[in-house]
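Proteins get letters first, then strands, A, B, ... in listed order; numbering begins at 1 in each. Hydrogens, waters and symmetry mates are skipped; everything else that's a heavy atom, side chains included, is used.
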Amino acid sequence: MSPEMPKAYEPADIEPKWYAFWVEQGVFRASDDPADRRPVYCIPMPPPNVTGALHMGHALTATLEDVLTRWHRMRGYNTLWTPGIDHAGISTQVVVEWQLRREGKSRHDVGREKFIERVWQWKGESGGRIALQQRELGASPDWARSKFTMDPSMARAVNEAFVRLYDEKLIYRATRLINWCVDCQTVLSDLEVENEEGANGELFEFAYKIAGSDEEIVVATTRPETMLGDTAVAVHPDDPRYQHLHGKMLLHPFVDRQFPIITDAILVDPKFGTGAVKVTPAHDFNDFATGKRHGLQEITIFDLSGAMNENAGHFRGLDRKEARKKVKRELEERGLTRGTKPHLLTLPKCSRSGTIVEPMISPQWYVNMKPLAEPALAAVADGRTRIIPEEWAKTYNHFLENIQDWCISRQLWWGHQIPAWYCSDGHVTVARQAPAVCATCHASELRQDQDVLDTWFSSGLWPFATLGWPDATPALARFYPASDLETGYDIIFFWVARMMMMGLHFMKDVPFRRVLLHGMVVDENGEKMSKVKGNVIDPLDLIHGASFDDIIQKTLPGAPREEALAKFKKSYPSAAQMGTGFPAFGADALRFTLASYSPQAKRIALAPKRIEGYRHFCNKIWNATRMVLLYLEQHPAPLPTGQTPSPRWRSSRWIMSRLANALEQTERGLTDFRLDDASAALYRFFWDELCSWYLEITKPVLQAEKSELGTEVAATLVHVLETSLRALHPFVPFLTEELWQILPRPASRPASIALAPYPMPGEGRADEVADREMAIVFDAIIAARTIRSEHEVHPAAQVPLVLRAADPKIRALLAEELVTIRTLVKTAGDPVIEASGGDRPPASVMSVAGEVEVLVGLRGLVERATEEARVDREIKKVEKDLAVLQKKLASPTFVEKAPSEVVAQAREQLQGLERTRKRLAEARQLAAELD
RNA sequence: AGGCGCGUAGCUCAGUGGUAGAGCACUACCUUGACACGGUAGGGGUCGGAGGUUCGAAACCUCUCGCGCCUACCA
């Protein structure tokens with residue numbers, strides 16, 4: 001076994017085989033069997049978009065959820081992590097439309113039916129890709145239960161939900177002002193509109209002439225072209241400037257229309273602009289409301305593509321932008337312009353296409369949200385569902401308290417078609433299946449509503465629709481409500497709140513007990529990852545390794561190489577130190593990294609160096625196991641029984657105690673969704689306590705002849721290591737499975753570590769006495785090492801050591817730990833243990849560690865002679881480097897022109913060298929003193 | 001405009017009243033029989049600023065400066 005283990009851990013050699021093994025063993029399967037009495041843990045996976053390739057956000061989600069899933073599974077829960085794919089209405093339609101465009105066709109050329117066939121075909125080809133990528137991360141959902149939001153079973157749930165809400169009058173159809181994307185050719189919900197701030201616009205002022213008079217009224221607008229749809233000008237009722245004009249009629253300069261000056265205290269702020277507001281009810285939300293208050297005519301002036309329509313007179317056919325220019329020009333020609341002022345404005349943009357959204361009057365389907373929101377608010381308020389981190393509860397509440405009705409219809413082809421049918425008289429029949437006749441007039445000529453539902457309508461049903469709802473399936477009975485719902489905070493409104501409302505409404509219970517929210521993965525500088533910035537990192541490139549050239553080819557195809565590379569390295573300064581690319585970090589290192597970020601953080605700044613650090617940790621685990629296996633060959637221990645051992649040796653009692661401590665912290669972290677704390681506790685335990693102390697302490701025992709102590713130590717080591725691997729498994733599943741399989745383990749263990757019991761703190765053994773005593777020993781060791789290091793003693797050199805303590809108990813303790821002290825300090829002979837108060841031996845340096853005085857003798861070292869010459873050499877070298885650096889930093893060109901991090905680094909080096917010079921000078925002085 | 005949050009080591013961030021922490025970076029020494037993807041030791045902080053509460057404040061309160069995000073509005 002161990003001799004064949006390679007010296008370095010290579011993830012690529014082990015990851016694929018264990019994933020196949022888990023699948024073959026059915027490790028990920030959940031059970032519906034009523035006879036299965038295990039407690040249940042269920043976590044619905046946020047279904048990634050069918051269009052998507054795996055990005056960092058998915059990797060984060062998959063990691064966090066997999067840790068929770070694997071942890072519960074090992075704790076004996078009947079664990080269901082439900083995977084799936086979202087049909088992602090607009091995104092997917094856009095992708096396939098692009099494909100058609102390359103063939104020179106539009107979706108209208110092929111027709112609705114053929115187009116949908118094309119989408120399905122495309123879905124079949126690339127829709128499974130992301131699930132394959134999730135496997136590379138080690139994700140362990142129950143794949144057999146994977147659902148696609150367009151599956152027939154999901155369609156049935158969607159229709160059922162729609163019909164019930166319609167029957168309850170919670171879904172209705174209304175004609176209102178809506179957000180129209182002229183590019184996507186569909187209505188958008190409020191949430192799909194992104195308000196982009198800070199655009200430089202202008203406030204344009206022009207005059208309307210008053211009919212039958214020379215007087216005029218000047219209005220200010222950011223959208224001059226909408227004046228073609230004006231049906232009033234409003235002033236504040238109390239504004240003294242306009243008192244005489246109330247009710248007067250105005251002449252439209254371009255179309256044959258007169259409209260009134262009205263007074264409205266809600267719309268008009270007399271201090272803004274001219275205090276007179278043009279009112280365009282058909283293309284502005286405030287004006288629409290004003291129009292309703294005053295019964296104004298609503299004149300739509302755009303067609304669905306954003307061009308001016310027949311109501312725009314001779315401007316007809318012009319695009320919005322062109323129309324604006326032309327309107328301004330013609331107003332100028334007629335002498336009606338009254339100047340412009342710069343004005344900062346916020347532009348409402350389609351979150352998909354980035355096009356400026358046009359408010360339009362249109363009939364659409366809506367969900368009445370208030371009655372649904374109230375129970376969802378109550379469920380969080382009374383703790384039936386807990387939101388973690390808690391601060392997000394405020395955001396959730398704020399949204400639900402101010403919720404507007406949800407526009408759920410979309411003018412797309414790809415999606416769940418609305419289950420409503422119209423007869424030629426316009427009567428509506430809403431039904432689960434296509435009805436034969438109109439419910440009102442029994443006409444048999446029916447046409448289904450052409451619109452589809454917002455993608456989030458089906459997503460909102462996810463926690464119960466995936467389990468077979470509306471049927472009362474065993475799965476539904478068992479796995480609803482889910483235990484946890486874990487996702488990014490960016491979809492609290494889109495998804496979490498809607499699942500809460502839908503779940504409470506249809507299932508009469510919350511959809512999940514906890515909502516766990518994580519932040520957004522951003523680049524190392526905190527910038528959002530985007531193709532334009534060239535800072536997108538594909539998680540698979542971190543797992544398998546990739547050259548920076550390949551990465552920039554993917555993110556910035558066609559861009560000049562140098563430029564793209566510079567952009568990339570600027571986004572990831574720590575990657576710039578890695579040469580020409582990322583090595584293969586492996587899935588485990590990436591997972592451990594992602595789990596190590598605090599869930600509180602809104603931004604998770606991905607630092608490649610950090611992944612490298614955890615890659616090193618994986619290698620550490622690998623080599624620690626290798627060492628234990630190596631020594632076991634010389635020092636066979638009995639096969640572990642699974643019982644927690646009770647070693648008698650103090651060091652072993654100590655490591656058992658630290659194990660208990662680490663397991664307790666890990667358990668707390670995992671329970672509280674503080675995976676950062678959990679992973680840190682395991683990291684510290686494994687590296688600092690197990691490897692740095694215990695493995696070093698046990699070396700002399702294990703390297704010696706077979707002994708009773710040796711057997712006890714070997715048994716302790718096997719237990720601690722096997723337990724550590726189980727504790728680490730949810731974070732680093734591949735590595736731990738590989739090592740666990742070759743490590744001696746109790747016969748009672750199952751075939752895979754993934755099914756082995758998760759260690760309880762009781763698999764360690766808390767021991768305050770051992771903790772306290774070893775701390776004294778370690779402090780003395782550290783003090784002695786510090787003296788050695790500060791006096792430049794060669795690491796291999798052996799020094800005389802005297803330890804003094806007033807307390808006889810401490811002296812007894814130190815005497816018992818002579819071997820350990822001797823090994824870790826590298827003393828010449830056994831350390832001398834004495835009572836405090838004697839003279840300081842000549843040529844020795846003393847330090848105080850708690851109640852122990854530590855005296856290290858420095859005379860008589862063979863190396864001393866050469867040592868002094870070396871110190872002198874070092875001093876010369878440092879002086880030289882210092883001079884170079886000082887000169888460099890004194891040069892203004894360097895300080896100004898070199899990248900700031902290079903200058904900062906030079907300064908740090910300078911400081912370091914100065915400190916070294918000081919220490920070397922002290923060392924030389926001491927050497928002189930000693931001789 | 002309202003809401004939420006942030007400001008702690010060079011960088012990224014933990015830390016909810018009790019001796020300022022981690023990873024990376026930095027300095028020195030060391031290929032020591034698991035691991036140089038390593039070891040040992042070290043340097044670095046007026047916890048954004050001011051005031052207050054307290055025996056004691058990075059943490060609690062008030063004010064203030066700087067920076068994010070979200071929601072709404074903007075003729």
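Rounded to the nearest Å, the gap between the C1' atom of G33(B) and that of G42(B) is 28 Å. For the P atoms, the distance from C67(B) to C24(B) is 33 Å, rounded to whole Å. Nucleotides U27(B) and A14(B) are separated by 27 Å at their P atoms, to the nearest Å. Taking the P atom of each, A20(B) and C13(B) are spaced 24 Å apart, rounded to whole Å. The C1' atoms of C4(B) and G10(B) are separated by 30 Å, rounded to the nearest whole Å. If you take atom P in C37(B) and the same atom in A57(B), they sit 46 Å apart, rounded to whole Å. U40(B) and U53(B): their C1' atoms are spaced 46 Å apart (whole Å). Rounded to whole Å, the separation between the P atoms of U31(B) and A22(B) comes to 28 Å.
Considering only side-chain N and O atoms, R785(A) lies nowhere under 4.0 angstrom from the phosphate OP1 or OP2 of A28(B). Dashed line: the shortest gap from a side-chain N or O of T625(A) to OP1 or OP2 of A34(B) is not under 4.0 Å.
Nucleotide A25(B) forms no Watson-Crick or G-U wobble pair with any nucleotide shown, as no partner meets the under 3.5 Å limit on both distances. Under the Watson-Crick and G-U wobble criteria, each requiring two contacts below 3.5 Å, nucleotide U62(B) is paired to A50(B). Under the Watson-Crick and G-U wobble criteria, each requiring two contacts below 3.5 Å, nucleotide C55(B) is paired to G18(B). When both pairing distances are held under 3.5 Å, C67(B) makes a Watson-Crick or G-U pair with G5(B).
Seen from the ring of F204(A), R324(A) does not count as a face-on cation partner, given the 6.0 Å and 45° thresholds.
Ring centers of F259(A) and Y208(A): under 6.0 Å apart, within the cut-off. Under the 6.0 Å cut-off for aromatic ring centres, Y614(A) and F585(A) do not qualify, their centroids lying 6.0 Å or more apart.
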Sequence neighbours excluded and cut-off under 3.5 Å, please list the side-chain donor-acceptor pairs for residues 689-697 of chain A, or say none.
{"unit_1": "E689(A)", "atom_1": "OE2", "unit_2": "R658(A)", "atom_2": "NE", "d": "3.1"}
{"unit_1": "S692(A)", "atom_1": "OG", "unit_2": "W687(A)", "atom_2": "O", "d": "3.1"}
{"unit_1": "Y694(A)", "atom_1": "OH", "unit_2": "S652(A)", "atom_2": "OG", "d": "2.7"}
{"unit_1": "E696(A)", "atom_1": "OE1", "unit_2": "K699(A)", "atom_2": "NZ", "d": "3.2"}
{"unit_1": "E696(A)", "atom_1": "OE2", "unit_2": "K699(A)", "atom_2": "NZ", "d": "3.2"}

For this session: With salt bridge (charged side-chain N to carboxylate O under 4.0 Å, His left out) as the test, would you mind laying out the steps for E225(A) and R223(A) before giving the verdict?
Result: CA-CA 6 Å; E225(A) 74 280 13; R223(A) 295 199 61 192; 3.1 Å; yes

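Among the heavy atoms of the strands lying under 4.0 Å from R603(A) are primed sugar atoms or P, OP1, OP2 only; no base atom is included. Residue D269(A) is in base contact, counting any heavy-atom pair closer than 4.0 Å across all strands shown. At a threshold of 4.0 angstrom between heavy atoms, the contacts of T395(A) with the nucleic acid are absent. Counting any heavy atom pair closer than 4.0 Å across all strands shown, A607(A) reaches no nucleic acid atom. Counting any heavy atom pair closer than 4.0 Å across all strands shown, L267(A) reaches a base atom.
Residues T395(A) and F493(A) form a side-chain contact, since some pair of their non-hydrogen atoms from C-beta on lies under 4.5 Å apart.
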If you restrict it to nitrogen or oxygen atoms, what contacts under 3.5 Å exist between nucleotides 35-38 of chain B and the protein, and what is each distance?
{"unit_1": "C35(B)", "atom_1": "O4'", "unit_2": "N623(A)", "atom_2": "OD1", "d": "3.2"}
{"unit_1": "C35(B)", "atom_1": "O4'", "unit_2": "N623(A)", "atom_2": "ND2", "d": "3.4"}
{"unit_1": "C35(B)", "atom_1": "O2'", "unit_2": "N619(A)", "atom_2": "ND2", "d": "3.0"}
{"unit_1": "C35(B)", "atom_1": "O2", "unit_2": "K620(A)", "atom_2": "NZ", "d": "2.9"}
{"unit_1": "C35(B)", "atom_1": "N3", "unit_2": "K620(A)", "atom_2": "NZ", "d": "2.8"}
{"unit_1": "C37(B)", "atom_1": "O4'", "unit_2": "H616(A)", "atom_2": "NE2", "d": "2.8"}
{"unit_1": "C37(B)", "atom_1": "O2'", "unit_2": "N619(A)", "atom_2": "ND2", "d": "2.7"}
{"unit_1": "C37(B)", "atom_1": "O2", "unit_2": "N619(A)", "atom_2": "ND2", "d": "3.3"}
{"unit_1": "C37(B)", "atom_1": "N3", "unit_2": "R615(A)", "atom_2": "NH2", "d": "3.3"}
{"unit_1": "G38(B)", "atom_1": "OP1", "unit_2": "H616(A)", "atom_2": "ND1", "d": "3.2"}
{"unit_1": "G38(B)", "atom_1": "O3'", "unit_2": "K620(A)", "atom_2": "NZ", "d": "3.0"}

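Relative orientation of the Y9(A) and W622(A) rings is tilted, given thresholds of 30° and 60° on the angle between their planes.
Atom NZ in K609(A) sits roughly 19 Å away from atom P in G10(B) (whole-Å rounding).
F617(A) pairs with exactly one of F731(A), F592(A), F685(A) by the ring-ring contact (aromatic ring centres under 6.0 Å, His included) rule, that one being F592(A).
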